[in-house]
Amino acid sequence: MHQVQNCTLLLPPAPDRCQPECRILSAGLATQAGFPLKVKAVLFPVEGGEPRIVELPYRLEHRGESPNIPGHRVDLRPVLGNATPWPTTIQLDGFKGGRPLGRSLTLVYNDHFLQEKKPPNLCIDAITHGRGFKWADNLVGFRNRSPADRIAQYEDVTDDDVGVFKKYFEEGGDGNDTLDPATEFVLQDLIQKRLAVQLVTGVWLIIARIRVVRLFEFVVQPVCFVDAVVHLETTTPFSQSHKDGFVGRRTCAGTMCGYRPLR
């Protein structure tokens, strides 16, 4: 059981929600029934109209990477139904390389809207005057609490945040992240470290395989260099990285594919 002596050390100030969260932390997370807390997000409704602020329910949960800092698990069913959610991080003002915001926003949408043939999002279509990426189904935007790379928590979205989301769509935002230089540096450093670990692991697997083959080389063909190279490539996936509470993967198939978070 996680004991909390001073919740203000674990939760950044949020005047409208600090006391309810502190009460839950003091009583224990197991005392929560359903999703007892609420956070304000911006909904881009599929049926059209202006983006609007909605309150979505959430609960506190302990996460393995930060066991002493509870994360927010938002119930997305009121806006996405049973769709598979997919998050995109926005840290720049605009999709075409604007200034750093100094904060992180998260755009969440239905990961399978194309396969499910969902209707086009008329709200975003109006924002882009029909010239942007063709989004479908509902989309919802959140504001992350800082530091977003250490805690998976949200705070109420603001009018300024709504403007950032709209500019992202206006400039052709298609679900790819827009990261500030500091986050990009941390991400690339982590990628290199993961690659180094995976490379060493792959080499040791090759050595072990060669040794096994040599034990039986009187009945089987010796391992060839080409086979060893193929083995190295298949045991060292391109990279994995952690970003803003979501674990992601870059894949390589001749050329590098885009960043996508894993659930």
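Hydrogens, waters and symmetry mates are skipped; everything else that's a heavy atom, side chains included, is used.
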Just checking, any donor-acceptor pair under 3.5 angstrom between side chains of [X] and [Y]?
X: Ser104; Y: Gln91; result: yes
X: Glu21; Y: His72; result: yes
X: Asn110; Y: Glu116; result: yes

Practice task
List the steps, then state whether salt bridge (Lys or Arg N to Asp or Glu O under 4.0 Å) holds for Arg52 with Glu50.
Solution key: CA-CA 6 Å; Arg52 63 177 184 266; Glu50 289 294 316; over 6 Å; no
Exercise for the section: Evaluate the side-chain proximity of Val162 to Ile53: yes if any heavy-atom separation is below 4.5 Å, no if none is. Expected result: yes
Heavy-atom donor-acceptor pair, [X] side chain to [Y] backbone, under 3.5 Å:
X: Thr128; Y: Ile124; result: yes
X: Asp174; Y: Asn176; result: yes
X: Asn138; Y: Val46; result: yes
X: Asp137; Y: Lys118; result: no
X: Gln153; Y: Pro70; result: yes
X: Arg143; Y: Tyr154; result: no

Exercise for the section: Quick one: closest heavy-atom pair of Leu43 and Leu139, and the distance? Expected result: CD1-O, 3.4 Å
Fill in the blank from the handout: What one should report as the nearest heavy-atom pair of Pro78 and Leu56 is CB-CD2, 4.2 Å
Exercise for the section: Report yes if the distance between the aromatic ring centroids of Tyr109 and Phe44 is under 6.0 Å, otherwise no. Expected result: no
Exercise for the section: Quick one: which residue pairs count as a salt bridge (charged side-chain N to carboxylate O under 4.0 Å, His left out) with a foot in residues 122-133, not counting sequence neighbours? Expected result: Asp125-Lys134
Exercise for the section: Specify whether Phe169 and Trp135 have parallel, tilted or perpendicular ring planes, treating 30° as the upper limit for parallel and 60° as the lower limit for perpendicular. Expected result: perpendicular
Exercise for the section: Would you check, one step at a time, whether the test salt bridge (Lys or Arg N to Asp or Glu O under 4.0 Å) holds for Asp161 with Arg103? Expected result: CA-CA 10 Å; Asp161 299 330; Arg103 64 187 186 279; 2.7 Å; yes
Problem - Residues in ring pair (Phe, Tyr, Trp, His ring centres under 6.0 Å) contact with Tyr168, at least two apart in sequence or another chain - result: Phe95
